[in-house]
S.K.: 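The structure that follows is given in the form of structure tokens.
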Amino acid sequence: MPPTAQHEAWMDLALAEARTALSTGDVPIGAVVIGPDGTVIGTGRNEREASGDPTAHAEVVAIRQAAAAVGEWRLEGCTLVVTLEPCAMCAGAIVLARIPRVVFGAWDEKAGASGSVFDILRERRLNHWVEVFPEAREAECAKLLTDFFGSRRSG
């Protein structure tokens, strides 16, 4: 399904998180969890370099913060907005947290698990399915990543 105007607006918040990741040398990916009432209940950015934690992907950081804010692991009625298509680990966390909607910006043709390489979020053999809204501000999200990796290759 195409993203809505609200999804595009929420992507501003995820992009701001992604840009913050640049200060620690992390891949600039950002995520926010929006509660059922439309308020932000969790934010995250890649923190693998900053924390030395291989699981510190933007989505996982945001989901952990949202679960703490809600006081339980089920994030029913929430929306996760992330600048890059979730990987298999993050897609698994989304399913396990019972998040019903994911909005993402750029596709990840190498490791995406939300419709490109795999489609864990809509895997009918699992116990929870997620509505996926790809390509929210796709060009802007993709440019942030290509600029980051381009500077790494040239430097």
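All residue numbers in this chain count up from 1 along the given sequence. What you see below is based on every heavy atom in this structure, not just the backbone, and it leaves out hydrogens, waters and symmetry mates. Note that the structure is a prediction, hence the values are computed from the model and not measured.
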S.K.: Check whether any side-chain heavy atom of V82 sits under 4.5 Å from a side-chain heavy atom of I29, and report yes or no.
M.R.: yes

S.K.: If you round to the nearest 0.5 Å, how far is CZ of R48 from CG of D53?
M.R.: 10.0 Å

S.K.: Can you list everything that forms a side chain to side chain donor-acceptor pair (under 3.5 Å) with T24? Sequence neighbours excluded, please.
M.R.: D26

S.K.: According to the side chain to side chain donor-acceptor pair (under 3.5 Å) rule, which pairs have a member within residues 108-118, sequence neighbours left out?
M.R.: E85-S116

S.K.: Rounded to the nearest 0.5 Å, what separation is found between the CZ atom of F149 and the CG atom of L144?
M.R.: 10.0 Å

S.K.: Can you sort out the partners of R122 under salt bridge (Lys or Arg N to Asp or Glu O under 4.0 Å), two or more places apart, ordered by chain and number?
M.R.: D119

S.K.: Could you report the tightest heavy-atom contact between A18 and G30, atom names first, then the distance?
M.R.: CB-N, 3.4 Å

S.K.: Tell me every residue that passes side chain to side chain contact (heavy atoms under 4.5 Å, CB included) with T39, counting only those two or more places apart in sequence or in another chain.
M.R.: D37, I41

S.K.: Does some side-chain heavy atom of C78 sit less than 4.5 Å from a side-chain heavy atom of I34?
M.R.: no

S.K.: With a 4.5 Å cut-off on side-chain heavy atoms, are I120 and L126 touching?
M.R.: yes

S.K.: Per the ring-ring contact (aromatic ring centres under 6.0 Å, His included) rule, what does the pair list look like for residues 87-129, sequence neighbours excluded?
M.R.: F104-W107

S.K.: Going by atom type alone, with no hydrogens or angles, which donor-acceptor pairs under 3.5 Å involve a side-chain atom of residues 8-16 and a protein atom two or more places apart or on another chain?
M.R.:
residue: D12; atom: OD1; partner: R137; partner atom: NH1; Å: 2.6
residue: D12; atom: OD1; partner: R137; partner atom: NH2; Å: 2.9

S.K.: Hey, could you give me each pair passing ring-ring contact (aromatic ring centres under 6.0 Å, His included) that has a residue in residues 20-47? Not counting sequence neighbours.
M.R.: none

S.K.: Starting from the C-alpha separation in whole Å, work towards a yes-or-no answer on side-chain contact (heavy atoms from CB on, under 4.5 Å) for I94 and L80.
M.R.: CA-CA 8 Å; I94 291 162; L80 177 91; 3.5 Å; yes

S.K.: Do V95 and N127 have side chains that get closer than 4.5 Å, going by heavy atoms?
M.R.: yes

S.K.: Who pairs with S51 by side chain to side chain donor-acceptor pair (under 3.5 Å), at least two apart in sequence or on another chain?
M.R.: none

S.K.: Check A91 against P86 and note the closest heavy-atom contact, atom names and distance.
M.R.: N-CB, 4.1 Å

S.K.: According to the salt bridge (charged side-chain N to carboxylate O under 4.0 Å, His left out) rule, which pairs have a member within residues 142-151, sequence neighbours left out?
M.R.: K143-D147

S.K.: May I ask you to decide if A58's main-chain N or O and N46's side chain share a donor-acceptor pair within less than 3.5 Å?
M.R.: yes

S.K.: Hey, could you give me each pair passing side chain to side chain donor-acceptor pair (under 3.5 Å) that has a residue in residues 66-84? Not counting sequence neighbours.
M.R.: T79-R101

S.K.: Do the side chains of H57 and C87 get nearer than 4.5 Å, heavy atoms only?
M.R.: yes

S.K.: Using a side-chain heavy atom cutoff under 4.5 Å and only I, L, V, M, F, W and Y, what cluster partners does M89 have?
M.R.: V60

S.K.: What distance do S23 atom OG and R45 atom CZ have between them, rounded to the nearest 0.5 Å?
M.R.: 6.5 Å

S.K.: With clusters defined by side-chain heavy atoms of hydrophobic residues (ILVMFWY) lying less than 4.5 Å apart, directly or transitively, does L96 cluster with I99?
M.R.: no

S.K.: Quick check: do F148 and V27 have side-chain heavy atoms less than 4.5 Å from each other?
M.R.: yes

S.K.: Show me the side-chain donor-acceptor pairs of residues 61-71 shorter than 3.5 Å, one per line, residues at least two apart or across chains.
M.R.:
residue: Q65; atom: OE1; partner: T43; partner atom: N; Å: 2.9
residue: Q65; atom: OE1; partner: T43; partner atom: OG1; Å: 3.3

